[in-house]
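To keep things clear, I will list the structure first and then write my remarks on it.
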Amino acid sequence: MNLFAGLGPHAFFVLAAYGAAAVSLAALMIWIALDYRVQQRRVRELEERVRKR
Amino acid sequence: MPLIDYANPHRFQRLAAWLIPLLGVVAGTLIVLGLATGWAAPADYQQGQMVKVMYIHVPFAWLALGGYTVMAISALGTLVWRHPLADVSGKAAAQVGAVFCFLCLVTGALWGRPTWGTYWDWDPRLTSVLVLFLLYLGVLALWRAFDDPLRAGRAAAILALVGFINVPIVKFSVDWWNSIHQGPSVSRLGAPTIDPSMLYPLLLSAGGFFVLFAVLHMALMRNELLRRRARTLRILQAAEAER
């Protein structure tokens, strides 16, 4: 808490900037990880179908 | 092995499998170190604690320009050398670059309100960065407009190359025109004008975000290669079913 209290009257702007960066980058990383799983599964399923023929 | 051999899609996938986690740890460590030392650094004599926004805003601005440069070089690879990984790299650079450009605008607005008294002004630097963001969105829209990734790649590459003219405009806008934005203080001819107690945390943080950009770029390229592999398999299956 002392860390934030030391930010003075502009604490909102500093914390909002760091918060926006953390949320946006985390969202991008989660989307990339989920998309990777989806694409991997799709390729595995399609290759499986090709092998069965 | 010559560097060009790593541009083979299969070799790239194998390389990405161990480079992404390794560089992810490097990026995380550098960012934490940079931001921690930045938060411990003294407040600026004019801006007070608002200077803490610099440790993220400046790397985002550099990477917004850096991302566009990667996209333009990839566009040359698509249009001139017809390299198989070039448009994959261009699309990935557009996706990561757009996020960093958005963050540059948001953190800049939040830094501007207490220091300039406004979130936004139609100033040369701010406006040219907004144009850069719109160019990113335009390239991403072109990628979504075509079903065929090769056609989409060529259209996006043309826009990326034409839009590259905006990169030097962003960089030199504060020198060429009157601007409320401050001039360059690190990337300038001569020594940086920032005190070392703030410069070193900024360089650490920027280094970390550069590595993070590389990791995200590589991860998005890996996803795109899988997406194209799935597309090829679907087309092959459809062709077989028609026989």
Side-chain angles (χ1 to χ4, degrees), chain A, chain B residues 16 20 24 27 31 35 39-40 43 47-57 59-60 92 95-96 98-100 102-115 119 209 212-213 215-220 222-237 240-241:
Chain A
M1 288 307 280
N2 282 341
L3 198 66
F4 298 149
L7 290 175
H10 302 310
F12 164 76
F13 297 100
V14 177
L15 295 176
Y18 275 78
V23 169
S24 304
L25 290 175
L28 178 64
M29 284 187 257
I30 290 168
W31 174 68
I32 291 174
L34 290 178
D35 187 40
Y36 179 58
R37 282 190 186 183
V38 169
Q39 299 309 326
Q40 248 189 339
R41 197 177 54 228
R42 220 171 262 171
V43 168
R44 218 179 296 130
E45 283 169 2
L46 287 163
E47 283 176 340
E48 195 80 8
R49 256 186 256 168
V50 169
R51 225 173 288 132
K52 277 180 187 168
R53 284 187 181 180
Chain B
I20 289 172
I31 291 169
L35 297 185
W39 277 65
Q47 302 187 38
Q49 297 292 354
M50 274 314 292
V51 76
K52 289 188 174 14
V53 179
M54 174 182 74
Y55 304 113
I56 52 173
H57 173 76
F60 293 159
Q95 290 167 324
V96 196
V99 173
F100 277 95
F102 168 75
L103 284 174
C104 169
L105 286 167
V106 170
T107 54
L110 287 163
W111 195 1
R113 181 68 183 87
T115 44
Y119 286 106
F209 281 114
L212 179 66
F213 186 99
V215 170
L216 296 173
H217 183 242
M218 212 182 290
L220 280 164
R222 183 170 67 172
N223 290 5
E224 182 62 19
L225 286 172
L226 284 171
R227 190 172 291 113
R228 291 186 184 195
R229 169 97 182 124
R231 184 176 183 274
T232 308
L233 286 169
R234 268 198 306 271
I235 291 171
L236 283 174
Q237 283 185 3
E240 269 184 32

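Only this structure's heavy atoms are used, side chains among them; waters, hydrogens and symmetry mates stay out. Quick note on labels: first sequence line is chain A, next is B, and so on, each numbered from 1.
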Point-to-point distance, once rounded to the nearest 0.5 Å, from CG of A:Leu25 to CZ of B:Phe60: 5.0 Å
So what's closer than 4.5 Å to chain A heavy atoms on B:Leu225: side chain, backbone, both or neither? neither
Fit a plane to each ring of B:Tyr119 and A:Phe13, take the angle between them on a 0 to 90° scale, and name the class: parallel (under 30°), tilted (30 to 60°) or perpendicular (over 60°). tilted
Quick one: are B:Asn223 and A:Val38 in side-chain contact, heavy atoms under 4.5 Å? no
Identify the heavy atoms of A:Ala21 and B:Ile56 that sit nearest to each other, and give their distance. CB-CD1, 4.2 Å
When you compare the side chain of B:Gln237 with that of A:Arg49, does any pair of heavy atoms fall below 4.5 Å? yes
Who wins among B:Arg222, B:His57, B:Arg113 for the most heavy-atom pairs under 4.5 Å with chain A? B:Arg222
Ignoring hydrogens, what is the shortest heavy-atom contact between B:Leu226 and A:Val43? Give both atom names and the distance. O-CG2, 3.3 Å
Cut-off 4.5 Å, heavy atoms of chain B, and the answer for A:Leu28 is side chain
Is there a side-chain contact between A:Trp31 and B:Leu220 (heavy atoms, below 4.5 Å)? yes
With a 4.5 angstrom heavy-atom cut-off, is it the side chain or the backbone of B:Leu103 that approaches chain A, or both, or neither? side chain
Answer whether the closest heavy-atom distance between the side chains of B:Leu35 and A:Tyr18 falls below 4.5 Å. yes
Among B:Val96, B:Val106, B:Leu110, which residue forms the greatest number of heavy-atom pairs with chain A at distances under 4.5 Å? B:Leu110
By salt bridge (charged side-chain N to carboxylate O under 4.0 Å, His left out) - contacts of A:Arg42 (at least two apart): none
Pairs touching residues 25-37 of chain A that satisfy salt bridge (charged side-chain N to carboxylate O under 4.0 Å, His left out), sequence neighbours left out: A:Asp35-B:Arg227
Is chain B contacted by the side chain of A:Glu47, its backbone, both, or neither, given a heavy-atom distance below 4.5 Å? both
Among the listed options A:Ser24, A:Ala27, A:Pro9, the residue most often paired with chain B at heavy-atom distances under 4.5 Å: A:Ser24
At what distance, to the nearest 0.5 angstrom, does CG of A:Leu46 lie from CD1 of B:Ile235? 11.0 Å
